[in-house]
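These figures come from a predicted structure and were not determined experimentally. Heavy atoms only: backbone and side chains are in, while hydrogens, waters and symmetry mates are out. All chains are named by letter (A, B, ...) in the order of the sequence lines, taking the proteins before the strands, and each is independently numbered beginning at 1.
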Number of protein chains: 2
Amino acid sequence: MSKQAGSLPVIDLTADTPCCPPLAQSPVPAQTAAVLALAFKALGDPVRLQLMSMIASAKSGEACVCDLTPAFDLTGPTISHHLKTLREAGLVDAERRGTWVYYRARPAILRQLAGLLSVEPAAVA
Amino acid sequence: MSKQAGSLPVIDLTADTPCCPPLAQSPVPAQTAAVLALAFKALGDPVRLQLMSMIASAKSGEACVCDLTPAFDLTGPTISHHLKTLREAGLVDAERRGTWVYYRARPAILRQLAGLLSVEPAAVA
DNA sequence: CGCCTGTCTCGACGTCTGTCGAATCAGAGA
DNA sequence: TCTCTGATTCGACAGACGTCGAGACAGGCG
């Protein structure tokens, strides 16, 4: 990938422990925002959001590109491009098995993002 | 936006009750995805993500534009533009009081998005 | 009333993004 | 080996996006 550990703190969104407190609790530092925004941007397209949900909600835990593509009025390359975007955002993982390629969600990252957006139901302590 | 609101089911993200089940539970319909993607896209920019967190985490529950703007190396119009994007995504609310304009977060929508991204901590039943 | 400060709107500019068709790569099978 | 199918990469193009400067609007204060 493009960035190395050089100056960025390399926020690990794949970790199982929360990387950052909720958005509404303390302001997000610029560097953290840069990383997190990439994930949100990836979800900021209707096609990718649908792809993400189709993959994440697949019964077997994974979805074949051959099942994903016909669900849209888009060409194969376009779907492939969106999947690449999701992949690069760390939201999904791809694995080739024979002729087909299967995608599966990375729950840890979804949890990170959900945690970031979480708000206390009522007032805090 | 591609489609006019007329035919859209107008998913109410401001409601206090969840508009949709978690992403990982059932696939998101196209129309729903179109609406939700707008919110994620709004959060998909580092500046807006920071603005959002600064507003949401403000002690008084609201933040003045005059406090927000100097936190970035950007011009007033640019910040204003980003705030407008957040406003149009329904993520924040603006109110003018005298000379200053105050923004406050809409927790209900944050909750909707968090719920959408939520994942069962371990395996499901 | 006139001016000053704070915020937004407008128009413009360069860049990024979503989409496509054509070409390429990866395996499976005859 | 040759071919066929599935998936990705490449190159191109229109439209969207982030940013700015200039100007307009809103309200407080001499």
Side-chain angles (χ1 to χ4, degrees), chain A residues 1-3 30 33-52 54-55 58 60 62-89 91-104, chain B residues 1-4 30 33-52 54-55 58 62-89 91-104:
Chain A
M1 281 302 157
S2 34
K3 351 208 155 284
V35 176
L36 293 170
L38 285 178
F40 283 123
K41 193 194 300 191
L43 294 175
D45 179 278
V47 173
R48 286 196 294 267
L49 194 55
Q50 284 188 83
L51 282 171
M52 189 66 214
M54 291 172 73
I55 295 169
S60 60
E62 59 187 10
C64 174
V65 175
C66 59
D67 291 329
L68 263 21
T69 304
F72 301 88
D73 269 341
L74 295 170
T75 64
T78 298
I79 297 297
S80 191
H81 162 69
H82 284 306
L83 288 172
K84 181 180 185 180
T85 300
L86 289 174
R87 223 166 40 218
E88 290 178 344
L91 290 164
V92 298
D93 239 349
E95 182 195 352
R96 162 160 236 136
R97 270 204 310 280
T99 306
W100 297 276
V101 177
Y102 296 88
Y103 281 77
R104 59 175 59 234
Chain B
M1 340 268 130
S2 30
K3 328 223 164 239
Q4 48 135 273
V35 176
L36 292 170
L38 285 178
F40 284 122
K41 193 192 301 193
L43 295 176
D45 180 278
V47 174
R48 286 195 296 265
L49 194 55
Q50 284 187 84
L51 282 171
M52 189 67 215
M54 291 172 73
I55 295 168
E62 59 187 12
C64 174
V65 176
C66 59
D67 291 329
L68 264 18
T69 303
F72 301 87
D73 268 342
L74 295 171
T75 63
T78 298
I79 297 297
S80 191
H81 163 70
H82 284 307
L83 288 172
K84 181 180 185 179
T85 300
L86 289 174
R87 222 183 321 145
E88 290 178 343
L91 290 164
V92 300
D93 239 348
E95 182 195 353
R96 163 161 236 133
R97 269 205 310 280
T99 306
W100 297 278
V101 176
Y102 295 88
Y103 281 76
R104 58 176 59 234

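In this structure, I79(A) places its CD1 atom 11 Å from P of dA7(D), rounding to the nearest Å. Atom CH2 of W100(A) and atom P of dC4(D) are 17 Å apart (whole Å). Straight-line distance from the NZ atom of K41(A) to the C1' atom of dG18(D): 10 Å, rounded to whole Å. Atom-to-atom, NZ of K84(A) to P of dG18(C) comes out at 13 Å; the value is rounded to the nearest Å. Here dG27(D) presents its P atom at 13 Å from CD of E95(B), a figure rounded to the nearest Å. Distance CG (L51(B)) to P (dG18(D)): 12 Å, rounded to an integer number of Å. Taking atom CG of L68(A) as the reference point, atom P of dG6(D) lies 15 Å away to the nearest angstrom. As rounded to whole Å, 16 Å separates atom C1' of dG18(C) from atom CG of L49(A).
Although no hydrogens or angles enter the test, the distance criterion places a donor-acceptor pair under 3.5 Å between the side chain of R96(B) and the main chain of G98(B). A donor-acceptor pair is defined here as one N or O able to donate and one able to accept, closer than 3.5 Å; such a pair exists between the side chain of R48(B) and the backbone of K41(B).
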Show me the side-chain donor-acceptor pairs of residues 63-81 of chain B shorter than 3.5 Å, one per line, residues at least two apart or across chains.
unit_1, atom_1, unit_2, atom_2, d
T69(B), OG1, V65(B), O, 3.0
T75(B), OG1, T78(B), OG1, 3.1

Where protein sits on nucleotides 19-30 of chain C, one letter per nucleotide: B base, S sugar-phosphate only, - none, heavy atoms under 4.0 Å: BBBB---SSS--
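Residue T85(A) holds its OG1 atom at 13.0 Å from CE of M52(A), rounded to the nearest 0.5 Å.
With sequence neighbours excluded, the residues that form a salt bridge (charged side-chain N to carboxylate O under 4.0 Å, His left out) with D93(B) are R106(B).
For the pair Y103(B) and dT7(C), the criterion of a side-chain N or O lying under 4.0 Å from OP1 or OP2 is not met.
For R87(A) and Y103(A), the positive end is not near the middle of the six-membered ring at less than 6.0 Å and at most 45° from its axis.
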